[in-house]
Amino acid sequence: MDAAGLPADKAHDSIRPLSAGNYRLFIESRQPWSTCIAFNGKIRIQYRLLKPGFQRAAAFYQGVCMNQEQTVPEGQNQEADELRNLSEQQRVRREKLAKLQSEGRDPFAVLTWNQTHHSKQIKDAFAEHENKDVSVAGRIMSFRDIGKAGFIDLQDRDGRIQVYLNAEGLGAEIYADIKTWDVGDIVGVEGYVFKTKRGEISVHANRMVLLTKSLEPLPEKFHGLRDPEIRYRRRYLDLIMNTQVMDTFKKRTQIIKCIRDYLDEREYIEVDTPILSTIASGAAARPFVTKSNALNLQLYLRIATELYLKRCIVGGMERVYDMGKNFRNEGIDIRHNPEFTMIELYQAYADYNDMMELLENLVAYTALKVCGSTTVTYQGTELNLAPPWRRLTMMDAVKEYGNIDFSAVKDDAEAQVLAKKHGLDHELKKKLKDCTKGDILNAAFEKFAEEHLIQPTFILDYPADISPLTKQKPGDPTMTERFEAFIFAREIANAYSELNDPIVQLDRFTQQARERELGDDEAYMLDEDFVASLEVGMPPTGGMGIGIDRLIMFLTDAYSIRDVILFPTMKPQS
RNA sequence: GGGAUGCUAGCUCAGUAGGUAGAGCAACGCCCUUUUAAGGCGUGGGUCACAGGUUCGAAUCCUGUGCAUCUCACCA
């Protein structure tokens, strides 16, 4: 035997040392020329390099050395070098795969499996299935080998079911073969349903097929996958290992379906509005910028669907919504992901009072359907979502929680004095002397009141300065018919009696343009065609936006928005 | 953008006055035909995130970088 562990009588002139204990040797496969690597005296076959034409490689694996006729061009060696970095466990699995493929049993060549049952179905109705034949499929989550018999925990879409297998039922040879399968592999099982001595509902296997080989070891069975970075980056592992993650995303789908059902029943029309647009308006946020090659044009990803949906109202649709992704180029934290799901809906001949009723009923309906109750527990706090929700004007909220009475404040100057007195000058974005009564009221609300709004609460009547798309309150042009709904101190919806006066709307946009010139890059962009649509005439309309991800967070008790978004935005790792 | 914390085997985590890197699970070999975090015996497995520095010697101390988590700001 030589250093690489090969029989001395075989020709090894194609074995070249790579580094201490590691050798590269070149062997012939059908095409193209491939390499294997010998590690510390053990032959390791790198299956990835061995394209179709495996017989000879496999023979080599079994100790018969191939004659060398040609070596790999230098340029290809890099790949072999990279493969040396595989862990022991990865190499073992690749060898197992190579062996199967060399025997003409390539698991990746399997096309279908006739899956007649799922785990939950069998477990939920055991009496009905007992002693009946079933065919299940899924991933091996654990394998308890007890000699001539064994138990596999098989995980499918709905959960897990145990498979019992023994040498008697399957044949000693096949049983021995199955023992080489790994946790993580995907298998098909045919057998009959029974209950073990310990009472575990199981499938007694009489046929098993390896449907897919897993080349990566799964995270540990007991502790599972905890590292949040891997959970978010490699969500598939998270879904496999953490069952509540699968539940959360199933619930997410149900919630979205519920919302659609609710609105569709009320004769709302679902529409798709553009994501790419030359103007990103309808909200105060910085957009993502992109570019059209065909049009040689700078485009923005939408930050809201509002202005397009109102055009639909102008067009006569009466009730519309768009549920989809918005994109805001802003900070990322447990409540914000750069792309997030939002529904905006608009109803002609309605106002913000109608939107309040719609929201509280919609949320209660969804909670009842998905969670089975209008009371949910979020992060240890019980939330009662049943209507009616508390209604409180912003001014009353500030009075109640901050002990400041803005109803007595006559003008901006007076408000500025109050702001100073209550330490609000640090909260304000602009210089105090530029702040209006509305700015200061809003700051006072955020500082004193917001954190107390744990149970669902509507905060009504926002200052006009921060609500450029909203109708003014009758009798008070500084205030608007706008509400935001808060749950657990977080905003989950924002709604208006929509401003439909094109002249006032143009004024508001002009004001926003001034703010933009003063450096506020979140001020609303002017959309002239939208104003033109209002000139055609939009009926009185109530509109609302609901943060879908945030609603889902409450209904699934998710701490972070990343826990309800399958693939949250992450920086690349390297 | 600021601050705090973390990054060690496939996974979950220990580790140290600065002196050859540890456990459990997983892997590999053997035993076991109703187990279920199965059990028993044995064996392998690491660029201690990355790059510098201090030192006879660095996973450990210092500096920088990357990524993540939390937090503040921004943001509704």
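Numbered from 1 within each chain, the chains take letters A, B, ... in sequence-line order.
Listed by chain and number, the residues in a side-chain hydrogen bond (donor to acceptor under 3.5 Å, both in side chains) with A:R207 are A:E190 (sequence neighbours excluded). Looking at residues two or more places apart in sequence or on another chain, you find a side-chain hydrogen bond (donor to acceptor under 3.5 Å, both in side chains) between A:E400 and A:R390. Under the side-chain contact (heavy atoms from CB on, under 4.5 Å) criterion, A:Q162 pairs with A:R144, A:F151, A:D153, A:T196, A:E200, A:S202, sequence neighbours left out.
Within the cation-pi definition used here (under 6.0 Å to the ring centroid, within 45° of the axis), A:R482 qualifies as a partner of A:Y462.
For the C1' atoms, the distance linking B:U47 with B:A9 amounts to 13 Å, nearest Å. Using P as the reference atom, B:A58 and B:U20 are 12 Å apart when rounded to the nearest Å. For the P atoms, the distance from B:A14 to B:U35 is 35 Å, rounded to whole Å.
Judged by atom type and distance alone, A:Y164 does not reach the base of B:U35 through any side-chain donor-acceptor pair under 3.5 Å. Interface remark: the A:E200 side chain does not form any donor-acceptor pair with the B:U35 base, using a distance-only criterion of under 3.5 Å.
One finds a side-chain N or O of A:R144 lying less than 4.0 angstrom from the OP1 or OP2 phosphate oxygen of B:A38. Of the side-chain N and O atoms in A:K571, one or more sit less than 4.0 angstrom from OP1 or OP2 of B:C67. At the phosphate of B:C28, OP1 or OP2 sits under 4.0 Å from a side-chain N or O atom of A:K96.
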Atom pairs, N/O to N/O, protein against nucleotides 5-11 of chain B, distance under 3.5 Å?
from: B:G10; atom 1: N9; to: A:Q89; atom 2: NE2; distance (Å): 3.4
from: B:G10; atom 1: N7; to: A:Q89; atom 2: NE2; distance (Å): 3.1
from: B:C11; atom 1: O2'; to: A:E220; atom 2: N; distance (Å): 3.2
from: B:C11; atom 1: O2'; to: A:G224; atom 2: O; distance (Å): 2.9

Using a cut-off of under 3.5 Å, enumerate the N/O to N/O pairs linking the protein to nucleotides 70-73 of chain B.
from: B:U71; atom 1: OP1; to: A:Y559; atom 2: OH; distance (Å): 3.2

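Here B:A26 presents its P atom at 13 Å from CE of A:M141, a figure rounded to the nearest Å.
In this structure, of B:C67, B:U33, B:C74, it is B:C67 that holds the atom nearest to the side chain of A:R233. Listed candidates were B:U36, B:U69, B:C32. Nearest to the side chain of A:K148 is B:C32. Side chain of A:K221, nearest nucleotide from B:C74, B:U36, B:C25: B:C25. Comparing B:U35, B:A68, B:U33 by their closest approach to the side chain of A:R198 singles out B:U35.
The salt bridge (charged side-chain N to carboxylate O under 4.0 Å, His left out) analysis of residues 330-339 of chain A, with sequence neighbours excluded, yields the pairs A:K325-A:E339.
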